[in-house]
Amino acid sequence: MLTLTETAADVVKQLTETEAPSDEAGLRISTQTEGEDGPGLLLAAAAAPEDGDQVLDEAGARVFLDESASVMLDDKILDAQVTPDGAVQFAVGQQEA
């Protein structure tokens, strides 16, 4: 199952509080159509999970994964960085055994 770093959890909470303020809000990760490099991921604040989404709640951060993203990210960890100008960059890494 996807896990979040402490930084990613903080960023997800901040993002959803400003972009989709509600008790059900979270960061939705879904797959997009395959391109040259294979399938990509789309990340967006969402007011609530969609039907069929896997819902993760880690340290108060809610993440919604569509079925394909859930499979793709099953053994991964989500990290985040905030640049000095306030831009957010997410990164996916392999979980340590």
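- To the nearest 0.5 Å, the span separating CG on L15 from NZ on K13 amounts to 13.0 Å.
- Between R62 and E24 the shortest side-chain heavy-atom distance falls below 4.5 Å.
- Across all non-hydrogen atoms, the minimal contact from E58 to L2 is OE1-O, 4.2 Å.
- Taking the side chain as every heavy atom from C-beta outward, V12 and D10 never approach each other to under 4.5 Å.
- A9 and A59 make their closest contact through CB-CB, 4.2 Å (heavy atoms, listed as atom of the first residue, atom of the second, distance).
- Nearest approach of S22 to A47, heavy atoms of both residues: OG-O, 3.3 Å.
- In terms of heavy-atom proximity, Q32 sits nearest to L42 at OE1-CD2, 2.9 Å.
- In this structure, the side chains of V63 and L65 come closer than 4.5 Å at one or more pairs of heavy atoms.
- Using a 4.5 Å cut-off between side-chain heavy atoms of Ile, Leu, Val, Met, Phe, Trp and Tyr, with links allowed through other members, M1 and L43 fall into the same hydrophobic cluster.
- Residues V88 and V11 share a closest heavy-atom pair of CG1-CG1, 3.5 Å.
- The side-chain heavy atoms of T31 and M72, taken from C-beta on, include a pair separated by under 4.5 Å.
- Between D53 and E67, every side-chain heavy-atom pair lies at or beyond the 4.5 Å cut-off.
- Closest non-hydrogen pair, D74 versus Q95, comes out as O-NE2, 4.0 Å.
- Looking only at atom types and distance, the side chain of Q94 has a donor-acceptor partner in the side chain of K76 under 3.5 Å away.
- Surrounding CG of D85 are more than 12 heavy atoms belonging to other residues, nucleotides or ligands, all under 6.0 Å away.
- Taken from CG in L78 to CG in L4, the straight-line distance is 5.5 Å, to the nearest 0.5 Å.
- Between atom CG of residue L73 and atom CD of residue Q54 there is a gap of 9.5 Å, rounded to the nearest 0.5 Å.
- Considering only heavy atoms from C-beta on, I29 stays 4.5 Å or farther from F90 through its side chain.
- Residues Q89 and T83 meet the side-chain proximity criterion, which asks for heavy atoms closer than 4.5 Å.
- D79 contributes no side-chain N or O that, together with a main-chain N or O of T5, makes up a donor-acceptor pair within less than 3.5 Å.
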